[in-house]
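Shown next, in structure tokens, is the structure this report addresses.
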There are 2 protein chains.
Amino acid sequence: MQDPRRTLTLRDVSEASGVSEMTVSRVLRNRGDVSETTRERVLEAARSLGYVPNKIAGALASQRVNLVGVIIPSLSNMVFPEVMTGISDVLEDTGLQPVVGVTNYLPEREEAVLYEMLSWRPSGVILAGLEHTEASHAMLAQAGIPVVEIMDIDGSPVDSAVGISHRRAGRQMAEAIIAAGYRRIAFLGTQMPHDHRAKKRLEGFEEALAKAGLTLADREFYSGGSALLKGREMTEAILRRSPEVDFIYYSNDMIGAGGLLYCLDQGIDVPGKIGLAGFNGVELLDGLPRRLATMDACRLEIGRAAAEIISGKRPGGQIGGEIIELTPTLDLGDTIRKP
Amino acid sequence: MQDPRRTLTLRDVSEASGVSEMTVSRVLRNRGDVSETTRERVLEAARSLGYVPNKIAGALASQRVNLVGVIIPSLSNMVFPEVMTGISDVLEDTGLQPVVGVTNYLPEREEAVLYEMLSWRPSGVILAGLEHTEASHAMLAQAGIPVVEIMDIDGSPVDSAVGISHRRAGRQMAEAIIAAGYRRIAFLGTQMPHDHRAKKRLEGFEEALAKAGLTLADREFYSGGSALLKGREMTEAILRRSPEVDFIYYSNDMIGAGGLLYCLDQGIDVPGKIGLAGFNGVELLDGLPRRLATMDACRLEIGRAAAEIISGKRPGGQIGGEIIELTPTLDLGDTIRKP
DNA sequence: GAAGCGGCTGTTAGCGGTAACATAGCGCGA
DNA sequence: TCGCGCTATGTTACCGCTAACAGCCGCTTC
């Protein structure tokens, strides 16, 4: 092998194969006409040297970067990995590569991550939510690249947006619950000041309750810890405090599952005595003893659509400023009694 | 605001603030002496223009890139997000930034991701496992940067390694199971030809069984689908097929949890009639009706240690070639009867 | 009062590629 | 035979930033 002290450059390959650096560059990028013999000679030289191109130099020279920044709040709840899958699927054969940044639901963190990403001059940015700091907004507007805000469409996007209306999702769930005859309804959610989507769902939910002349019978917010365990504990707390409650709406499926397990443990009749519903449609639920009512958030589809916009593969061939609203489907599962 | 058509450069800031580009560069990187007045004038100009430095150019000029490549098989099982947390925690205040690549347990995919990453000339690479393609090995060896292989230490690393011995973990679990008096032991795992760690655990497990004069009473491999649901279904299948089985060892906690839920559903006495154990110590388990026996994989700690090696923050101040073996703790939970 | 020094700023020359243009052969029709 | 158009390759000038070094100024120091 070669001297491993210095890192290889085009020049090394060019010398090893007896052609100019330019020709090597052309071969390695499959661009321009190169004769078959030269091509093979160059590839052979590159391979045997173990040459890895320097994209930093390439990007600087060509003013083109095949990176797409993806900024999401968290990786630990199953929802974003699935969005990522959708994005990767589509980007796979476009030459574009996703780069992930995580904000932990902190706006300042998002700002920092965004700054860091933009400093690599990506070809596009996908980020969760419509709420950002003023500085983030300014950066996005100035960047001069496609920006897709995902998950949510209740608000005004910088450029494009793909998501569902969480307010409407909350409303729909409330309507289904009321239609099933439940009246003393409680809410159990995460204490995340910056989870705007959960907040919008709750708003929509209460809106629909109000329209039916109802208000939340009880509510509880938790933070930290294992969602499943919290779901158990908080459900117990609510039922102890407000025994009259006949329905609990959870802000996500994980705590909902915890609540469900608790009820089953206690021998509480679900959905007879008490109904339960979550949000998200996580695959996990499939293995539970009973199927929790939920509403899927179209995560895979959101990821796919966002990636299509970034890569210019949208059917219509639009340039940007597109807003795509997906419609989540309500799944009553086994935890809302049938009307 | 400025004309958003052209992207800003140091020159724009330099003109706006009346000093040379070099001075601007110094201010923005906090390097070298700059007078307080100049510094403020420059920062003000940069801020009002909305200037975002171009790291591509910076990296090329300085031959320094503050990126660390992290290559992992999957994001959808809770294990890697936790490793990522450990890595981010440590990298946070080193100026280094993790960049994630996912391989889906495919060696060729790993090779491609690695190539892509190395072409950005990162300051270091962290990747899961000790098994890589020949080409990947060559690239890692040539890269001239710190490489840390994580999760596993049963094998020989390219440079440094941090992890646990999965073979030993399997052995230990088998010993605990045998000590508890179980004799007709079955295994239920994922059908992943490239999950070497799961394979090593099974090998260690069978080794210990053999030492006690036992062999697996039954075994089953699954692939795809919801792990929880599969755990249910496959457990049912095994128990139907081999009713004499008195213990099932699962390759991960998720299918273990599915199995546990199935047994409880069926009113099977756990751990009396049948014992169960998984692997990983996922937080999820905390919410289950009964605590599944498991063995934690030290994920957070692995991430932290790997990041420390990369960033040169290891206590000893070693340069590389370090092998750190962590010892997982066995948690008998409620699903192995006490001897 | 000349030399020396430290703080601040500017100049120059790349980093490793690529775009755009230039050039060297070669076959071919007029 | 000449010149045209084509293909295959080379040359040049950057991309935006930073390392290294140079210069300038005011102030000690002897």
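For clarity, every value in this text was computed on a predicted model and none was experimentally measured. Scope of the values below: all heavy atoms of this structure, side chains included, with no hydrogens, waters or symmetry mates.
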Evaluate the criterion side chain to side chain contact (heavy atoms under 4.5 Å, CB included) for residue pair B:L75 and A:F80; output intermediate values, then yes/no.
CA-CA 9 Å; B:L75 277 176; A:F80 293 104; over 6 Å; no
Between A:E110 and A:Y115, is any pair of side-chain heavy atoms under 4.5 Å apart?
no
Taking atom P of D:dC17 as reference, at what distance in whole Å does atom CG of B:L28 sit?
9 Å
Does A:T9 make a side-chain N or O approach to OP1 or OP2 of C:dG16 shorter than 4.0 Å?
no
Does the side chain of B:Q63 get closer than 4.0 angstrom to OP1 or OP2 of C:dG14 through an N or O atom?
no
Under 3.5 Å, which N/O atoms of the protein pair with N/O atoms of nucleotides 6-11 of chain C?
residue: C:dT9; atom: OP1; partner: B:S35; partner atom: OG; Å: 3.3
residue: C:dT9; atom: OP1; partner: B:T38; partner atom: OG1; Å: 2.5
residue: C:dT9; atom: OP2; partner: B:S35; partner atom: N; Å: 3.1
residue: C:dG10; atom: OP2; partner: B:S20; partner atom: N; Å: 2.8
residue: C:dG10; atom: OP2; partner: B:S20; partner atom: OG; Å: 2.9
residue: C:dG10; atom: OP2; partner: B:T23; partner atom: OG1; Å: 3.0
residue: C:dG10; atom: N7; partner: B:R26; partner atom: NH2; Å: 2.8
residue: C:dG10; atom: O6; partner: B:R26; partner atom: NH1; Å: 3.3
residue: C:dG10; atom: O6; partner: B:R26; partner atom: NH2; Å: 3.3

Can you figure out which of C:dG17, C:dG14, C:dA19 approaches the side chain of A:N54 most closely?
C:dG17
Check the pair A:R47, A:E44 against salt bridge (Lys or Arg N to Asp or Glu O under 4.0 Å), reporting the backbone distance first and the verdict last.
CA-CA 5 Å; A:R47 199 175 308 120; A:E44 173 50 28; 3.2 Å; yes
Please determine whether a side-chain nitrogen of the Lys or Arg among A:E82 and A:R299 lies less than 4.0 Å from a carboxylate oxygen of the Asp or Glu.
yes
Can you tell me if the side-chain N/O atoms of A:R31 get under 4.0 Å from OP1 or OP2 in D:dA8?
no
If you compare every side-chain N and O of A:Y51 against the phosphate oxygens of C:dG16 (OP1, OP2), does one of them come in below 4.0 Å?
no
Could you tell me whether the phosphate oxygens of D:dA19, OP1 or OP2, come under 4.0 Å of any side-chain nitrogen or oxygen in B:R64?
yes
Whole-Å distance, A:L60 CG to C:dG17 C1', equals 8 Å
Does any non-hydrogen side-chain atom of B:V68 lie less than 4.5 Å from one of B:V125?
no
Give a yes/no on whether any side-chain N or O of B:R11 is located under 4.0 angstrom from OP1 or OP2 of D:dG16.
no
Euclidean distance, atom NZ of residue B:K55 to atom C1' of D:dC15 [Å, nearest integer]:
19 Å
Can we say A:D33 and A:R39 salt-bridge, meaning some charged N sits less than 4.0 Å from an Asp/Glu carboxylate O?
no
